[in-house]
Amino acid sequence: MLDSNLNSAYTNVGKIRILGLEVWTQFSTTKNWSNFIGANMYNYATNGVFVFRHRDGITKPYDVNSSNIKYSVNINFTYSFW
């Protein structure tokens with residue numbers, strides 16, 4: 001549980017690198033029908049130290065060295081009635 005909490009709450013822990021790619025297209029198949037298809041993928045890497053201050057006053061540093069690939073795909077169809 002601690003890893004997931006730390007991974008979602010980084011603030012000033014060191015170096016963060018994000019490298020990615022996004023592609024999309026939009027086209028109409030008929031006069032009233034429009035389509036959108038898009039996708040993105042990126043690598044998110046963090047390296048540094050997160051200093052956690054416990055409620056009881058104890059401060060403890062945690063090394064942060066994580067890297068992951070995130071992606072999403074989006075598809076939208078729109079029909080105009082008039």
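In this chain, residues are counted from 1 in sequence order.
With sequence neighbours excluded, the residues that form a side chain to side chain contact (heavy atoms under 4.5 Å, CB included) with Asn76 are Phe36. For Asn68, the side chain to side chain contact (heavy atoms under 4.5 Å, CB included) partners are Tyr44, Lys70, not counting sequence neighbours. The ring-ring contact (aromatic ring centres under 6.0 Å, His included) search around Tyr79 returns Trp33, Phe81, not counting sequence neighbours. By the side chain to side chain contact (heavy atoms under 4.5 Å, CB included) test, Lys60 pairs with His54, Tyr62, sequence neighbours left out.
In this structure, CD1 on Ile75 lies 9.5 Å from CG on Asn35, to the nearest 0.5 angstrom. In this structure, Ser72 OG and Asn40 CG are separated by 3.5 Å, a value rounded to the nearest 0.5 Å.
Note on residues 13-27: pairs passing side chain to side chain donor-acceptor pair (under 3.5 Å), not counting sequence neighbours, are Arg17-Asn43.
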Derivation and outcome, side chain to side chain contact (heavy atoms under 4.5 Å, CB included), residues Val64 and Asn47:
CA-CA 5 Å; Val64 177; Asn47 189 0; over 6 Å; no
Take Phe27 and Ile37 through the test side chain to side chain contact (heavy atoms under 4.5 Å, CB included) and record every step on the way to the result.
CA-CA 9 Å; Phe27 57 95; Ile37 301 172; 4.2 Å; yes
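Among Ile69, Leu21, Val73, Leu19, the one residue that satisfies the side chain to side chain contact (heavy atoms under 4.5 Å, CB included) test with Met41 is Ile69.
Taking a 4.5 Å side-chain heavy-atom cut-off between Ile, Leu, Val, Met, Phe, Trp and Tyr, the cluster of Ile58 contains only that residue.
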